[in-house]
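Keep in mind it's a predicted model, so treat the numbers as computed, not measured. Reckoned from all heavy atoms, side chains included, excluding hydrogens, waters and symmetry mates.
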Amino acid sequence: MTYETFREKVLQGLQDRELGNVSLRLTKQMKSNGQMKYGIVFKNPAANTSPTIYLEEYYEFYQATKELDTVIDLVAGLYQSLPAIQVDEKKLLDYSAAKSRIIMKLVNTEKNRTFLETAPHIPFQDLSIVYHYLVEKSDRMLLSMPVNDEVLKEWGVDTLELHQQALANYSRLLPIKFANLNQHLLDRGFLKSGYYAAISDNDPNKDMYFLTNEYFSCGAVLMTCKNLMDEIADFFKEDFYIIPSSIHEVILFPRSKAPSKKELDRLIQKVNQEYLDPEEYLSDHAYYYSKSGQGTGEYFMQNLLLHSPGIIS
């Protein structure tokens with residue numbers, strides 16, 4: 001069964017299920033890194049938001065099992081488990097009300113040029129900082145809406161003010177998580193899986209750390225925060241490499257424990273190709289941070305500051 005036929009059959013199957021007063025339609029949307037994804041929009045007249053469930057992973061499951069009814073049941077069950085979210089549009093368009101929920105994310109510039117053409121952003125090396133309005137967070141799930149130029153105009157602020165507000169909000173909305181990578185993977189029972197397995201196999205000293213937020217969602221943007229990087233440099237007592245494992249987190253490797261940058265870049269590129277979802281791709285090379293700003297380490301804009309006390313113990 002082709003993917004196009006699969007989508008039609010899932011839609012038809014869902015329409016035959018008892019899902020309440022909801023209308024369904026197929027959709028396609030350009031997501032992060034220019035990835036086109038196909039899904040089903042669930043429109044409930046009782047809410048002013050319409051969740052979309054994307055079908056790529058379900059198609060992979062169907063190809064492996066040929067169990068179409070199971071797929072339809074899984075999609076229906078996921079929809080029924082989603083909270084009904086009502087967005088207050090007046091608050092969204094009022095900057096004084098909306099500003100406390102602005103967050104920032106980091107994306108690859110080249111792969112997101114179309115989106116960046118209509119969205120406020122700040123360049124950062126070969127990456128870009130972008131901004132979202134946090135709609136809801138629950139059960140370790142984040143729901144956010146991108147801030148585009150139209151919304152920014154409605155708010156009447158510039159990109160710098162937007163960035164400063166996102167910095168002020170970050171650790172309150174998305175508490176920072178910094179921990180030893182191998183201990184974390186061991187605790188969670190997947191030390192030998194995917195991206196982390198490839199890196200761990202090359203790390204006999206087990207001195208890598210990861211940096212993200214408590215939701216493990218779009219936390220790589222923390223690498224742009226200079227005083228946070230300074231605090232980590234103090235913790236390591238030396239300069240360090242930043243491995244962009246995905247848009248969700250970065251891995252930090254003390255210079256004295258790391259292989260050469262050439263080897264790190266080779267490893268990053270291999271893992272990106274073999275393990276990483278293309279939508280989660282951030283970069284194909286390591287970054288080097290030097291607190292003293294010597295050599296290649298000085299790449300942080302001085303106005304990108306985030307005060308985040310007490311994350312390291």
Side-chain angles (χ1 to χ4, degrees), residues 1-89 92 103 105 107 111-112 114-115 132-146 174 188-190 193-195 212-219 246-249 274-282:
M1 185 187 302
T2 66
Y3 188 30
E4 182 178 2
T5 301
F6 170 80
R7 298 195 302 268
E8 294 285 353
K9 287 189 174 294
V10 172
L11 176 65
Q12 182 180 350
L14 289 169
Q15 290 171 334
D16 294 336
R17 297 292 198 271
E18 292 295 331
L19 297 178
N21 187 21
V22 60
S23 61
L24 309 175
R25 64 177 175 85
L26 294 173
T27 187
K28 63 178 181 180
Q29 292 188 20
M30 187 73 73
K31 305 295 284 185
S32 181
N33 294 327
Q35 296 298 305
M36 185 66 72
K37 300 195 73 172
Y38 296 82
I40 296 177
V41 178
F42 295 74
K43 175 61 177 177
N44 187 328
N48 63 356
T49 60
S50 301
T52 299
I53 296 179
Y54 295 100
L55 298 177
E56 281 75 13
E57 292 183 4
Y58 293 100
Y59 185 53
E60 291 179 6
F61 175 83
Y62 169 76
Q63 288 180 306
T65 65
K66 305 303 181 185
E67 296 179 1
L68 183 61
D69 285 343
T70 300
V71 169
I72 295 169
D73 289 341
L74 289 171
V75 175
L78 176 58
Y79 167 69
Q80 291 170 328
S81 71
L82 296 175
I85 297 174
Q86 192 79 9
V87 176
D88 188 328
E89 295 182 6
L92 174 61
I103 58 175
K105 301 182 181 183
V107 299
K111 289 185 176 293
N112 293 275
T114 300
F115 169 71
H132 281 238
Y133 174 81
L134 182 60
V135 177
E136 185 76 20
K137 58 175 184 173
S138 62
D139 298 326
R140 306 189 69 81
M141 179 185 73
L142 300 180
L143 175 63
S144 66
M145 298 168 52
L174 306 173
R188 294 172 70 92
F190 48 78
S193 67
Y195 195 106
T212 183
N213 53 57
E214 288 191 355
Y215 291 85
F216 290 83
S217 179
C218 297
S246 79
I247 60 173
H248 299 302
E249 74 288 301
E274 296 183 3
Y275 298 105
L276 194 65
D277 183 333
E279 194 176 338
E280 298 180 350
Y281 168 85
L282 185 58

Quiz item: For Met145, does the CE atom have more than 12 heavy-atom neighbours from other residues, nucleotides or ligands under 6.0 Å away?
Solution: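 Not more than 12 within 6.0 Å, no.
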
With heavy-atom distances below 4.5 Å as the criterion, would you say the side chains of [X] and [Y] are in contact?
X: Tyr62; Y: Val10; answer: no
X: Ile53; Y: Tyr58; answer: yes
X: Thr27; Y: Ile40; answer: no
X: Leu68; Y: Phe6; answer: yes
X: Leu26; Y: Glu8; answer: yes
X: Phe42; Y: Leu24; answer: yes
X: Val41; Y: Ser50; answer: yes
X: Leu74; Y: Thr70; answer: yes

Quiz item: Name the one of Lys31, Lys111, Lys37 that satisfies side-chain hydrogen bond (donor to acceptor under 3.5 Å, both in side chains) with Glu279?
Solution: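 For Glu279, the side-chain hydrogen bond (donor to acceptor under 3.5 Å, both in side chains) test succeeds with only one of Lys31, Lys111, Lys37, which is Lys37.
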
Quiz prompt | Step-by-step side chain to side chain donor-acceptor pair (under 3.5 Å) determination, Lys105 to Ser32 | solution = CA-CA 11 Å; Lys105 301 182 181 183; Ser32 181; over 6 Å; no

Self-check item: Passing option when Ser217 is tested against Leu142, Thr212, Leu174 for side-chain contact (heavy atoms from CB on, under 4.5 Å)
Solution: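 Checked Leu142, Thr212, Leu174 against Ser217; only one passes side-chain contact (heavy atoms from CB on, under 4.5 Å): Leu142.
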
Practice problem: Report yes or no: do Tyr54 and Gln29 form a side-chain donor-acceptor pair below 3.5 Å? | Solution: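 Tyr54 vs Gln29: donor-acceptor pair found between side chains.
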
